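Position 1 is the first residue of the sequence, and the numbers go up from there. This one's a predicted model, so the numbers in the text were calculated from it and none came from an experiment.
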Amino acid sequence: MRFNLIGPFEIVTDDGRTYQPGTPKVCQTLALLLTRPGEIVTAEALIRELWGEKPPRSAVTTLQTYVYHARRMFAQEELAPPGRCLIVTGPSGYVMRVEDSEVDVRIFERLVTRARYELAEEEPQRALRTVGQALDLWRGPALSNFPAGDVLAGHVVHLEELRIRAFETRIEAQEALGRHRESIPELRKLINDYPLNEWFHSRLIGALGAAGRRAEALQAYQKVRRLLAEELGLEPSAELKRLHGRLLSPARGERFVVGAAV
């Protein structure tokens, strides 16, 4: 079976059925357990996720009820094979007995790590393929079909940061393959999604310069310079300033690429 958290929370059964739990509190409980498959999640952490800093007096009993409903859901909806116990009660909390390969978040994390390794080993084609598999797992904002509490919100932020890392890996792999022109549409979209990310801006400027579109690269620099000044009162980074200088005064015979003259 498969538990998908990257997008609306859903459970995919062995026979291909997709099921979305309808109770938000049960979704929160299961999702938090699934962020640490095979490990105990304390009742304290679950209570903090469900009710924040002011839980009701009945929090422990109510949590037990949500776990009971989750177990009953697995049985009644035939989501798990007969005899498979997914939620195990421990001395201080609960354990979700599933493999990393059954949770899309864990698959995503593993693929991004592998892609970074392949890129470091100078295998950009393999890295591009691997990171593409990772990003294909995203079906929308993580856990988008119920409100996340404070604990899950931290996991969502971590996932979003890792997603940005995956985008960076794909851009770096394309650069290593000399595909600067192909990176431009994606970089424009990434800048629209993450307007204050200077790394994406620098890569767009570099890709435009490498593609022979120097005027557009200069326009892109002026755009990020104004954005940083208006939004944050900051000057562009040293890397952006170096790119700007090379655009204005390219060395004789220089082929423009991000980060260095070749």
Side-chain angles (χ1 to χ4, degrees), residues 6 108-109 111-138 140-142 157-262:
I6 307 176
F108 174 71
E109 292 172 337
L111 286 171
V112 174
T113 299
R114 187 201 303 171
R116 293 301 305 174
Y117 173 79
E118 289 168 345
L119 191 61
E121 291 295 304
E122 298 184 355
E123 297 184 84
Q125 190 65 59
R126 290 181 61 189
L128 195 60
R129 183 169 57 252
T130 302
V131 79
Q133 293 172 356
L135 289 168
D136 284 345
L137 293 171
W138 282 78
V157 170
H158 163 73
L159 268 179
E160 188 58 42
E161 287 296 327
L162 196 58
R163 188 187 189 194
I164 291 173
R165 188 64 166 157
F167 284 130
E168 292 174 350
T169 301
R170 181 152 70 185
I171 297 302
E172 288 179 305
Q174 289 175 332
E175 288 175 357
L177 293 167
R179 300 177 184 176
H180 304 287
R181 194 179 300 274
E182 291 87 340
S183 297
I184 292 171
E186 181 174 14
L187 283 164
R188 290 196 187 278
K189 183 180 184 305
L190 288 169
I191 285 171
N192 183 69
D193 293 341
Y194 306 98
L196 298 180
N197 186 307
E198 290 186 72
W199 193 92
F200 290 143
H201 284 281
S202 70
R203 260 37 192 192
L204 175 62
I205 294 167
L208 288 167
R213 295 158 65 173
R214 192 169 63 144
E216 291 178 68
L218 288 168
Q219 288 177 338
Y221 175 82
Q222 293 301 329
K223 181 178 179 179
V224 65
R225 185 184 64 80
R226 287 193 301 270
L227 177 68
L228 292 171
E230 292 170 3
E231 295 291 331
L232 303 174
L234 295 176
E235 286 289 313
S237 65
E239 180 182 2
L240 281 169
K241 288 181 177 179
R242 283 195 296 271
L243 282 170
H244 183 235
R246 288 170 53 216
L247 286 165
L248 291 174
S249 303
R252 185 183 299 275
E254 176 186 24
R255 180 167 63 85
F256 193 93
V257 296
V258 178
V262 177

Visitor: Evaluate the side-chain proximity of W199 to I171: yes if any heavy-atom separation is below 4.5 Å, no if none is.
Guide: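 Of all side-chain heavy-atom pairs linking W199 with I171, at least one is under 4.5 Å.
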
Visitor: Hey, does the side chain of E172 reach the backbone of L119 with a donor-acceptor pair shorter than 3.5 angstrom?
Guide: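 Side chain of E172 to backbone of L119, a donor-acceptor pair under 3.5 Å: no, none is there.
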
Visitor: Between Y194 and E160, does any side-chain donor sit less than 3.5 Å from a side-chain acceptor?
Guide: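 On atom types as modelled, these side chains qualify, holding a pair under 3.5 Å.
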
Visitor: Check the angle between the aromatic planes of F108 and W138 and answer parallel, tilted or perpendicular using the 30° and 60° thresholds.
Guide: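 Answer is perpendicular, since the angle exceeds 60°.
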
Visitor: List the atom of P236, the atom of K241, and the distance in Å for their closest heavy-atom pair.
Guide: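 So the two residues come closest at O-CE, 3.5 Å.
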
Visitor: Do the side chains of E198 and L228 get nearer than 4.5 Å, heavy atoms only?
Guide: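 Touching, per the 4.5 Å side-chain cut-off.
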
Visitor: Could you state the interatomic distance from CG (L187) to CZ (R203), rounded to the nearest 0.5 Å?
Guide: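 L187 CG to R203 CZ: 9.0 Å, rounded to 0.5 Å.
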
Visitor: What distance separates L204 CG from R213 CZ, expressed to the nearest 0.5 Å?
Guide: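 So the CG of L204 and the CZ of R213 are separated by 8.5 Å.
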
Visitor: Using distance alone, with no hydrogens and no angle criterion, decide if S183 and E175 have a side-chain donor and acceptor under 3.5 Å apart.
Guide: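 Absent: no donor and acceptor within the cut-off.
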
Visitor: Atom CD1 of I164 and atom CG of L159: how far apart are they, to the nearest 0.5 Å?
Guide: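 With rounding to 0.5 Å, CD1 (I164) is 11.5 Å from CG (L159).
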
Visitor: With heavy-atom distances below 4.5 Å as the criterion, would you say the side chains of E239 and R242 are in contact?
Guide: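 When only atoms from C-beta onward are counted, R242 and E239 do touch, with a gap below 4.5 Å.
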
Visitor: I'd like to check R116 versus R165 (side-chain heavy atoms, cut-off strictly below 4.5 Å). Are they in contact?
Guide: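 Yes, their side chains come closer than 4.5 Å.
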
Visitor: Could you check whether any side-chain N or O of R126 sits under 3.5 Å from a backbone N or O of E118, counting only pairs where one atom can act as donor and the other as acceptor?
Guide: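 It does not hold such a pair.
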
Visitor: Go through the steps to decide whether L232 and L196 satisfy the test side-chain contact (heavy atoms from CB on, under 4.5 Å), and finish with yes or no.
Guide: CA-CA 9 Å; L232 303 174; L196 298 180; 4.3 Å; yes

Visitor: Evaluate R226 against E231 for salt bridge (Lys or Arg N to Asp or Glu O under 4.0 Å), listing each step before the verdict.
Guide: CA-CA 8 Å; R226 287 193 301 270; E231 295 291 331; over 6 Å; no

Visitor: Between A127 and A115, which heavy-atom pair has the shortest distance, and what is it?
Guide: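 Result for this residue pair: CB-O, 3.5 Å.
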
Visitor: Could you pull out the closest heavy-atom pair between A173 and L128, with the gap in Å?
Guide: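 Distance-wise, the nearest heavy atoms are CB-CD1, 4.0 Å.
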
Visitor: Answer yes or no: is there a side-chain heavy-atom contact under 4.5 Å between Y117 and E123?
Guide: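 Result no, sub-4.5 Å side-chain heavy-atom pair not found.
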
Visitor: Does R214 use its side chain to pair, donor to acceptor, with the backbone of L247 at less than 3.5 Å?
Guide: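 Judged by distance alone, yes, a pair lies under 3.5 Å.
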
Visitor: If you measure from CD1 on I205 to CD on Q222, what distance do you get to the nearest 0.5 Å?
Guide: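 With rounding to 0.5 Å, CD1 (I205) is 9.0 Å from CD (Q222).
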
Visitor: Are the side chain of H201 and the backbone of P195 linked by a donor-acceptor contact shorter than 3.5 Å?
Guide: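 Answer holds: yes.
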
Visitor: Would you indicate whether the side-chain heavy atoms of K189 and D193 approach each other to under 4.5 Å?
Guide: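 The answer is yes; the side chains approach within 4.5 Å.
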
Visitor: Of the non-hydrogen atoms in L240 and Y221, which two are nearest, and what is the gap between them?
Guide: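 Nearest heavy atoms, L240 then Y221: O-CE1, 3.5 Å.
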
Visitor: Rounded to the nearest 0.5 Å, how far apart are CD1 of I184 and CZ of R179?
Guide: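 Reported value, rounded in 0.5 Å steps: 14.5 Å.
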
Visitor: When rounded to the nearest 0.5 angstrom, what is the spacing between CD1 in I6 and CG in L135?
Guide: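 One gets 9.5 Å once the value is rounded to the nearest 0.5 Å.
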
Visitor: Is there a side-chain hydrogen bond (donor to acceptor under 3.5 Å, both in side chains) between H158 and E109 once you walk through the steps?
Guide: CA-CA 10 Å; H158 163 73; E109 292 172 337; 3.3 Å; yes

Visitor: State, with a plain yes or no, whether a side-chain heavy atom of L111 is found less than 4.5 Å away from one of V131.
Guide: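 Side-chain contact under 4.5 Å: no.
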
Visitor: So, does S249 use its side chain to make a donor-acceptor pair with the main chain of R246 at under 3.5 Å?
Guide: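 No; zero donor-acceptor contacts below 3.5 Å.
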
